[in-house]
Amino acid sequence: MSRPHVYVTRRIPDAGLRLLEAVCEVRVNPEDRPLSRAELLAAVAQADGVIGLLTDRIDAEFFEAAQRLKGYANYAVGFDNIDVAEATRRRIPVSNTPDVLTLATAELAWALLFAVARRVVETDAAMRSGAWSGWGPLQFIGLDVTGKTLGLFGAGRIGLAMARMAQGFAMPILYCNRSPNPAMEELGARRVSFEELLAASDFISIHSPLTPQTRHVFDHAAFSRMKRTAVLVNTARGPVIKEDDLVAALREGLIAGAGLDVYEFEPRMAEGLAACANAVLLPHVGSATHSARNGMAELAAQNLLAMLRGDRPPTILNPDVLDR
Ligand code: DGY
C-alpha cells in the first residue's frame, strides 16, 4: 500500500517529523520562513495531510488547492487562522495543539508581568549602556505584585494556569469569561463583567481566543476605564488589542505599562510602540520552550496520523466530521 503524502509548511521539531516519517512520505518547506500564499497553495496540491502554522490561512481557497486532503493539523493551540466551518462543510478534520504549551505560555505571561512591573528591560539597558552611576533611593521604582489584583480576560487552560501560579503571590483574582469556570472558582477567583475587570484589576492578562467578539476589545474606551497604575499583558493574539490605541494609552499614561508577546499585524508593530519605555516587547515566544515545542510537534503529528488512518484525532476541532 502506498504511503500517504504529508506536507509540513515550516520545519518543526524532529520529535514530530520522526513520527510522520515512520509511515508517510514527508516533505518540509526547505526554508525557515513562512511560505507565500502562492507557494503554500502549490505545495499542498498532492498532499494527503498537512501540518501548518498560525501564519498559514486555512480557508476555502486552501482546501480547493489541496484536493487530496484528508486532514489538517495546526502547529498551534490558537486556530483563528483556520476556517473550521469550511473544513467541516468539506468533511475535513482539523486539529490544534492544546495542553502541551499551557505552562510555557502562562510562565511567559508572568515573565512579562514582572518585567513590566519591575522595569527589568529598562534597567538592564541602563546597565549595558553604562548609564548607571550607582545605587540611588529614587531610581527605577516599579510596581508591587504580591497582593495586587490579577484580572484574567479568558479563563481557559492558560488563564487557569496563570491563576494557579498567582496563588503564590497571594493575588485576588478576577476573571472575565463567557461562562463560569468551576476550577477558577475553586481557587477563589471571582467571575466579573468586562467593566469590573477593567476598573478593579492592577494587572490584566489576556488569555482569550481571537474571535469576532474579542477583536479589539482592548481599545481606547477600555484603557480609559483601567487604573492609571495598571499593566496589561498579552500572550494570546495581537488583534484582541487595538494596537494604535494602546500606543496612545502608554504615551498618555492612561495605563502604566504593557507586556506584549503578540501583535495586531505580526511581525510588524504599531508605529510608536517600540519607543514606549513602559512596554516590554517579545517576538511571539509564549510556547518557545523545548518541552512545549516538542509536545506541539508530537501532538500535531499524532493528530494528522489519526486523520490519515480515519481514526479520531486526540485534539480534533470539528468532531462533527467523524460523527456523520
Ligand atoms: C499558539 O500555539 O497558538 C501560539 O500562539 C504559538 O505557539
Side-chain angles (χ1 to χ4, degrees), residues 8-17 28-29 32-35 50-59 62 72-84 87 94-113 152-162 177 205-215 217-218 232-241 243 258-269 280-304 313-318:
V8 183
T9 69
R10 190 163 177 179
R11 187 159 197 92
I12 60 170
D14 287 344
L17 293 178
V28 181
N29 167 9
D32 191 20
R33 62 165 175 83
L35 294 171
V50 173
I51 292 188
L53 310 182
L54 54 94
T55 42
D56 299 318
R57 210 173 65 245
I58 307 303
D59 57 5
F62 171 89
Y72 169 80
N74 219 30
Y75 183 74
V77 64
F79 55 89
D80 45 283
N81 61 314
I82 308 176
D83 185 340
V84 178
V94 293
S95 63
N96 67 340
T97 58
D99 298 318
V100 289
L101 45 58
T102 296
L103 293 178
T105 308
E107 286 170 1
L108 194 85
W110 279 104
L112 279 168
L113 189 155
L152 298 170
F153 182 72
R157 297 173 183 84
I158 301 172
L160 180 61
M162 190 78 190
N177 200 47
S205 192
I206 301 176
H207 298 289
S208 66
L210 173 63
T211 64
Q213 292 72 39
T214 62
R215 180 178 294 273
V217 288
F218 285 88
L232 180 65
V233 170
N234 190 6
T235 53
R237 281 293 181 266
V240 176
I241 295 178
E243 213 165 280
L260 305 179
D261 185 43
V262 288
Y263 303 87
E264 191 174 350
F265 301 107
E266 293 183 11
R268 274 197 307 111
M269 285 190 289
V280 173
L281 307 170
L282 304 182
H284 204 147
V285 288
S287 65
T289 69
H290 292 292
S291 68
R293 289 283 164 89
N294 286 337
M296 290 163 69
E298 283 171 359
L299 183 52
Q302 286 157 358
N303 275 317
L304 194 65
T315 54
I316 188 168
L317 289 166
N318 54 352

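Basis for what follows: all heavy atoms, side chains included, without hydrogens, waters or symmetry-related copies. Atoms within each ligand, like the ligands themselves, are counted from 1 in listed order.
- Just one of V50, L53, V28 meets the side-chain contact (heavy atoms from CB on, under 4.5 Å) condition when paired with V8; it is V28.
- Salt-bridge annotation for R11 and D32: absent, with no side-chain N of the basic residue lying under 4.0 Å from a carboxylate O of the acidic one.
- Numbered from 1 in the order shown, with element, the atoms of ligand 1 that lie under 4.0 Å from a heavy atom of H284 read 4 (C), 5 (O), 6 (C).
- Listed by number with element, the atoms of ligand 1 under 4.0 Å from a non-hydrogen atom of R237 are 1 (C), 3 (O), 4 (C), 5 (O).
- Side chain of Y75 to backbone of T97: no donor-acceptor contact under 3.5 angstrom is found.
- Under 4.0 angstrom from ligand 1, there are no non-hydrogen atoms of T97.
- Without hydrogens or angle criteria, N303 side chain to A73 main chain gives no donor-acceptor distance under 3.5 Å.
- The A76 neighbourhood of ligand 1 comprises atoms 1 (C), 2 (O), 3 (O), with distances under 4.0 Å to a heavy atom of that residue.
- When all heavy atoms of N81 and D56 are compared, the pair lying nearest together is ND2-O, 2.9 Å.
- The shortest contact between atom 7 (O) of ligand 1 and any protein heavy atom is with S287 OG, 2.6 Å.
- Ligand-side atoms of ligand 1 in range of M296: 7 (O), range being under 4.0 angstrom from any heavy atom.
- At a heavy-atom distance under 4.0 Å, only side-chain atoms of L101, from C-beta outward, approach ligand 1.
- Protein heavy atom in closest approach to atom 1 (C) of ligand 1: V77 N, 3.4 Å.
- Side chain of N74 to main chain of S95: no donor-acceptor pair is present (N/O by atom type, distance under 3.5 Å, no hydrogens or angles).
- Within 6.0 Å of the OH atom in Y263, the count of heavy atoms belonging to other residues, nucleotides or ligands exceeds 12.
- For ligand 1, none of its N or O atoms has an N or O atom of A236 under 3.5 Å away.
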